[in-house]
Amino acid sequence: MAASTFADRPLKKLVLFDVDGTLSPARRQASPEMLELLRELRKKVVIGFVGGSDLVKITEQLAVNGSNPLLEFDYAFPENGLSAYKAGELISTQSFIQFLGEEKHKKLVNFILHYVADMDIPIKRGTFVEFRASMVNVSPIGRNASQAERDEFERFDKTHQLRAAFVNALKENFPDYGLTYSIGGQISFDIFPHGWDKTYALSHVESEGFEEIHFFGDKTFPGGNDYEIFSDPRTIGHTVTSPDDTTRILKELFF
Ligand code: M1P
């Protein structure tokens, strides 16, 4: 689509949002008030989300009262923008398997499953490795954990740093795989090729010539999955502590 796609916006600015902890509480639904605020914001600027999760999960979080996130946002960047949508249309997608090759992928998954099997943690559920188009997501407790079990694991991991140790073991064992490890949520971490972090999403908006690109995220510290895009010279980064904090800053800056 041509640059005129957004000719109706008075400000030539793009505002990008992380999802978990920024637009919605972690792994839960955004509020109707947040959706309403974003609709008002969209009358002024171009908006998009950049999430680590895949589109199915992000849709569960951002589809408020049946709304379609692909239509509520000008840009939708699930999986860090490795899948990219503009004005509801898929414009680009990338493949983790193509990058790594089946043989290396198999070795990586085998190592992960052995490591999980040897972990002595209070409880385990199911789906310890989730294969996504552009990344692998690894969870010691398993992605089938309930919300209460997630909260408990997160507390446990804060004390025991299990995910950090797991990531170190992977770095040691696969130094030549060209992979980045990112602890972004409550119970898991993501694995993807170097550069396939949230800055990847910026490559899809470069041609639009926005005067400013704002980014809002809660995990903006080094090692967090918002760090790279937050600290990228192409963005104006905002650290938030919750969706309410996002609302507060948006009102200060744009209303
Ligand atoms: O968006 C942040 C993270 O959200 C989920 O993490 P968890 O299940 O650990 O809370 C995952 O979808 C993860 O990939 C993502 O980075």
Side-chain angles (χ1 to χ4, degrees), residues 16-30 47-63 69-70 73 75-85 90 92-97 99-100 108 112 127-145 147 150 153-154 157 163-164 166-167 170 179-205 215-232 235 237-243 246:
L16 293 173
F17 300 93
D18 162 54
V19 180
D20 277 328
T22 299
L23 292 181
S24 74
R27 295 298 309 130
R28 299 187 210 175
Q29 259 213 335
I47 65 169
F49 67 78
V50 195
S53 299
D54 61 22
L55 184 61
V56 173
K57 294 199 183 65
I58 292 179
T59 299
E60 283 165 18
Q61 291 176 263
L62 297 183
L70 289 184
F73 291 81
Y75 288 103
F77 297 127
E79 299 194 41
N80 292 352
L82 275 305
S83 293
Y85 296 80
L90 182 68
S92 164
T93 183
Q94 277 283 4
S95 159
F96 184 75
I97 284 287
F99 170 86
L100 208 57
L108 183 74
I112 289 167
T127 316
F128 302 101
V129 182
E130 184 174 85
F131 176 68
R132 300 178 185 165
S134 64
M135 69 171 78
V136 169
N137 176 266
V138 179
S139 174
I141 184 175
R143 300 210 58 79
N144 300 115
Q147 188 57 51
R150 286 177 148 267
F153 177 86
E154 192 180 23
D157 194 39
R163 285 182 289 178
F166 202 157
V167 164
L170 284 162
L179 297 174
T180 294
Y181 303 87
S182 172
I183 301 173
Q186 287 185 291
I187 57 160
S188 66
F189 58 89
D190 298 325
I191 307 178
F192 45 80
H194 293 323
W196 289 18
D197 52 59
K198 290 187 181 182
T199 58
Y200 196 92
L202 299 176
S203 64
H204 302 300
V205 304
F215 173 76
F216 288 71
D218 66 328
K219 298 216 167 44
T220 56
F221 48 84
N225 68 348
D226 295 325
Y227 175 71
E228 290 85 0
I229 189 168
F230 168 80
S231 52
D232 191 286
T235 65
H238 306 278
T239 302
V240 303
T241 54
S242 64
T246 305

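Values below: all heavy atoms of this structure, side chains included; hydrogens, waters and symmetry mates excluded. Residue numbers start at 1 and run along the sequence shown.
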Q: Quick one: which residue pairs count as a salt bridge (Lys or Arg N to Asp or Glu O under 4.0 Å) with a foot in residues 182-192, not counting sequence neighbours?
A: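 Salt bridge (Lys or Arg N to Asp or Glu O under 4.0 Å) check on residues 182-192 returns Arg132-Asp190.
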Q: For Pro25 versus Gln61, what's the shortest heavy-atom pair and its separation?
A: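 Minimum heavy-atom separation between Pro25 and Gln61: O-NE2, 4.1 Å.
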Q: Looking only at heavy atoms, which two atoms of Phe192 and Met135 are closest? And how far apart?
A: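 Heavy atoms of Phe192 and Met135 come nearest at CB-CB, 4.0 Å.
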Q: Does Pro140 reach the side chain of Phe166, with side-chain heavy atoms less than 4.5 Å apart?
A: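 They are in contact (side-chain heavy atoms under 4.5 Å apart), so the answer is yes.
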Q: Could you list the residues that satisfy side-chain hydrogen bond (donor to acceptor under 3.5 Å, both in side chains) with Thr59, not counting sequence neighbours?
A: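 Thr59 satisfies side-chain hydrogen bond (donor to acceptor under 3.5 Å, both in side chains) with no residue once adjacent residues are dropped.
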Q: Atom CD1 in Ile141, atom CD in Glu154: separation rounded to 0.5 Å?
A: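 Answer for the CD1-CD pair, Ile141 versus Glu154, is 11.0 Å.
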Q: Identify which one of Leu170, Val136, Asn225 satisfies the side-chain contact (heavy atoms from CB on, under 4.5 Å) criterion when paired with Phe189.
A: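 That would be Leu170; it is the only one of Leu170, Val136, Asn225 passing the side-chain contact (heavy atoms from CB on, under 4.5 Å) with Phe189.
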Q: Hey, mind stepping through Ile191 and Val138 against side-chain contact (heavy atoms from CB on, under 4.5 Å) and telling me if it holds?
A: CA-CA 8 Å; Ile191 307 178; Val138 179; 3.8 Å; yes
Q: Quick one, Thr180 and Asp197 - any side-chain contact, counting heavy atoms below 4.5 Å?
A: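 A side-chain contact under 4.5 Å is absent here.
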Q: Report yes or no: do Thr220 and Thr239 form a side-chain donor-acceptor pair below 3.5 Å?
A: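 Yes.
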Q: Could you give the side-chain donor-acceptor pairs of residues 75-82 under 3.5 Å, partners two or more places apart or in another chain?
A:
residue, atom, partner, partner atom, Å
Glu79, OE1, Ser134, N, 2.9
Glu79, OE1, Ser134, OG, 2.5
Asn80, ND2, Trp196, O, 3.2

Q: Check whether any side-chain heavy atom of Leu179 lies under 4.5 Å from a side-chain heavy atom of Phe96, and answer yes or no.
A: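 Touching, per the 4.5 Å side-chain cut-off.
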Q: To check you understand the geometry: which heavy-atom pair defines the closest contact between Ala30 and Leu62, and what is its length?
A: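 Heavy-atom minimum between the residues: CB-CD2, 4.0 Å.
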Q: Between the side chains of Asn144 and Thr127, does any donor sit under 3.5 Å from an acceptor?
A: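 Yes, side-chain donor-acceptor contact under 3.5 Å.
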Q: Indicate, with yes or no, if the rings of Phe230 and Phe215 have centres closer together than 6.0 Å.
A: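 Between Phe215 and Phe230, which both carry aromatic rings, the centre distance is not below 6.0 Å.
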Q: Only counting residues at least two apart or in another chain, list the ones meeting side-chain hydrogen bond (donor to acceptor under 3.5 Å, both in side chains) with Thr241.
A: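 side-chain hydrogen bond (donor to acceptor under 3.5 Å, both in side chains) list for Thr241, sorted by chain: Asp245.
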Q: Which is it for Phe49 and Phe17 under the ring pair (Phe, Tyr, Trp, His ring centres under 6.0 Å) test, yes or no, and what are the steps along the way?
A: CA-CA 5 Å; Phe49 67 78; Phe17 300 93; 9.6 Å; no
Q: Are Ser188 and Arg143 close enough, and set up right, to give a side-chain contact (heavy atoms from CB on, under 4.5 Å), and what steps lead you there?
A: CA-CA 8 Å; Ser188 66; Arg143 300 210 58 79; 3.4 Å; yes
Q: Between Leu55 and Tyr85, what is the shortest heavy-atom contact and its length?
A: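 Closest approach of Leu55 to Tyr85, heavy atoms only: CD2-OH, 3.5 Å.
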Q: Does anything in residues 215-228 pair up under salt bridge (Lys or Arg N to Asp or Glu O under 4.0 Å), and if so which pairs, sequence neighbours excluded?
A: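 Only Lys198-Asp226 qualify under salt bridge (Lys or Arg N to Asp or Glu O under 4.0 Å).
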Q: Donor-acceptor pair, Asp54 side chain versus Lys57 backbone, under 3.5 Å?
A: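 Checked: pair present.
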Q: Looking at Arg163, is its backbone amide N or carbonyl O close enough to the side chain of Asp157 to form a donor-acceptor pair, meaning the two atoms are under 3.5 Å apart?
A: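 Yes, because the side chain of Asp157 sits within donor-acceptor range (under 3.5 Å) of the backbone of Arg163.
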Q: Is there a donor-acceptor pair closer than 3.5 Å between any side-chain N or O of Ser203 and the backbone N or O of Tyr200?
A: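 Pair found, side chain donor or acceptor close to backbone of Tyr200.
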Q: So, does Ser24 use its side chain to make a donor-acceptor pair with the main chain of Asp20 at under 3.5 Å?
A: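 Here the side-chain-to-backbone pair does not exist.
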Q: Answer yes or no: is there a donor N or O on one side and an acceptor on the other, between the side chain of Ser139 and the main chain of Ile187, under 3.5 Å?
A: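 Checking the backbone N and O of Ile187 against the side chain of Ser139, a donor-acceptor pair under 3.5 Å is found.
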Q: Output the distance between atom CG (Leu23) and atom OG1 (Thr246), rounded to the nearest 0.5 Å.
A: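 Going from the CG atom of Leu23 to the OG1 atom of Thr246 covers 6.5 Å.
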Q: Checking His238 now: which residues fulfil side-chain hydrogen bond (donor to acceptor under 3.5 Å, both in side chains) with it, not counting sequence neighbours?
A: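 Expected list: His214.
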Q: Identify the heavy atoms of Pro193 and Phe99 that sit nearest to each other, and give their distance.
A: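 Closest approach of Pro193 to Phe99, heavy atoms only: CG-CD2, 3.3 Å.
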Q: Quick one, Leu16 with Thr235, criterion side-chain contact (heavy atoms from CB on, under 4.5 Å). Give me CA distance, side-chain angles, the key distance, then yes/no.
A: CA-CA 9 Å; Leu16 293 173; Thr235 65; 5.7 Å; no
